[in-house]
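In what follows, a structure is listed as structure tokens, so that the remarks can point back to it.
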Number of protein chains: 2
Amino acid sequence: MSVEDAVGRLRDLAGLRRRVHGTAAEVAADALRELIMEGGLRPGDRVIEESLLGPLEVSRNTLREAFRLLAHEKLVEHKVNRGVFVRTLTAADVRDLFTVRVLIELTALRRSREADWTAMSQAVAKGKACARAHDWLGVGTANMRFHKAIVASVGSARLDELMDQLTAELRLGFHEMGDPRAFHEKYLTRNAGIVDAVAGGDVEGAVGLLHEYLDDAEAEMLAAFSSDR
Amino acid sequence: MSVEDAVGRLRDLAGLRRRVHGTAAEVAADALRELIMEGGLRPGDRVIEESLLGPLEVSRNTLREAFRLLAHEKLVEHKVNRGVFVRTLTAADVRDLFTVRVLIELTALRRSREADWTAMSQAVAKGKACARAHDWLGVGTANMRFHKAIVASVGSARLDELMDQLTAELRLGFHEMGDPRAFHEKYLTRNAGIVDAVAGGDVEGAVGLLHEYLDDAEAEMLAAFSSDR
DNA sequence: AACCGTAGGATTGTTGAACGATCCTCTAAC
DNA sequence: GTTAGAGGATCGTTCAACAATCCTACGGTT
């Protein structure tokens, strides 16, 4: 996406949200977040304040508040006197993210009950639908939703919030990897396997499958990161 | 602490930090955070922008950036068009905080190794020293450090950060409870028991003790919360 | 040619004042 | 007693300006 395209897209995103919610800073942060998720701003890109004042139609102070919000979500990095940069995941970040996921998701899956399984299987179904439509980024989104559903079975608002942040960070890494189909499609069937196992009463088997899933995904991301750095 | 005292303390805190750290917003946030932790601002208190501009010697925009930082740490609540308030923990918050603690700390303790135990026992020693000096808030701080040390054995930066936030939130609740000695002192010996068990090779026994500890602490806090609300 | 210090420009950090928007309170009418 | 509305307090946002800092490119020295 060219810079001009990104700027235009930003104006559209800001316009859409302006009518819906909250403060100007939140609207600006929403638009920027979406642009980053779409790939319009890539990891490592510098985000210059002045270039966004026009498209977002906010003042500099408000834009800086929006930057603070995104910095807390770890989507951008704020370097004093140097500006804001779209976050670049390191191999250490990937390892840390999966360490946390393993710790939380395995325990959450053990605690899950029947009501939680339906949310999980709905996410799998959504992923299959996206795959049939060849919407591979949609498959990735559905995969994330599946894992969020696992964590949601704990019923903790703070844990849900943590998982939201972890998935947002992981998504940054997705953009740096190659073919989205090759990366996302194969995990779809594995998710289905986990649902089947847990719904069939084999909780520990499902936990084992989930652990293998996470280890494999971590290894695949790490391989991609070490190859180009 | 009177309002005038709080304002004076704030000016001192800001002056101390101004020579050390980064941006003005961070300095202001540090000073406010410390004031909240010391009890100079109590849960439910409204924090009016204008009243802090003078003591902190920052502009309104900068102060608002500081508020954003504290809001993200959940130390203050930002209500649109109504201002910022020092956060008040609800019973639901307490339950959620302990749910997360149980999930993370039990797993972390299972993974701990000898190097981690020294950090844990150092925290216990620090707590005993504070108790001898009748510094009951220091005992509470040392208790928190003990639990942070448990989580640190996972070796995850994100988990450490989460634990920092959880302890900061819990501290808000401490201020609302009565006698700090009665609340903190008895947990000191239980921490020591956990260290002894894990160092003696009885990891699962230690995990059991930790679980009981957390359940009791949660019950005690919940009892205090339901009594006055 | 390689190195170093130094302008100069570009960008961020911070301030102060201003004005509109929103909420709360107090009053007055019913 | 309840409701409606006016007024004041406070917040949300913008704008313009200046200070502080960083990056780059230039020129001098070895």
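Labels below follow one simple rule: chain letters A, B, ... track the order of the sequence lines, proteins then strands, and each chain is numbered from 1.
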Charged N to carboxylate O below 4.0 Å: is that the case for B:Lys74 and B:Glu169? no
Cationic N near anionic O, under 4.0 Å, A:Lys186 to A:Glu220: yes
Provide, to the nearest angstrom, the distance between the [atom1] atom belonging to [X] and the [atom2] atom belonging to [N].
X: A:Asn81; N: C:dT12; atom1: CG; atom2: C1'; answer: 6 Å
X: B:Leu52; N: D:dC11; atom1: CG; atom2: P; answer: 10 Å
X: A:Arg64; N: C:dT14; atom1: CZ; atom2: P; answer: 7 Å
X: A:Ile48; N: D:dC22; atom1: CD1; atom2: C1'; answer: 13 Å
X: B:Lys79; N: D:dC11; atom1: NZ; atom2: P; answer: 13 Å
X: A:Asn61; N: C:dT15; atom1: CG; atom2: P; answer: 11 Å
X: B:Arg68; N: D:dC11; atom1: CZ; atom2: C1'; answer: 12 Å

Return the nearest nucleotide to the side chain of [X]; candidates are [options].
X: A:Val58; options: D:dT21, D:dT14, D:dT13; result: D:dT14
X: A:His78; options: C:dT15, C:dG13, D:dT14; result: C:dG13
X: A:Glu49; options: C:dT15, C:dA18, C:dT12; result: C:dT12

Would A:His78 and A:Phe85 count as a close aromatic pair, with their ring centres under 6.0 Å? no
Should the ring pair A:Tyr213 and A:Tyr187 be called parallel, tilted or perpendicular, given that the plane angle runs from 0 to 90° and is split at 30 and 60? tilted
Within less than 4.0 Å of OP1 or OP2 of C:dT15, is there a side-chain N or O belonging to B:Thr62? yes
Does a nitrogen or oxygen in the side chain of A:Arg82 sit under 4.0 Å from OP1 or OP2 of D:dC23? yes
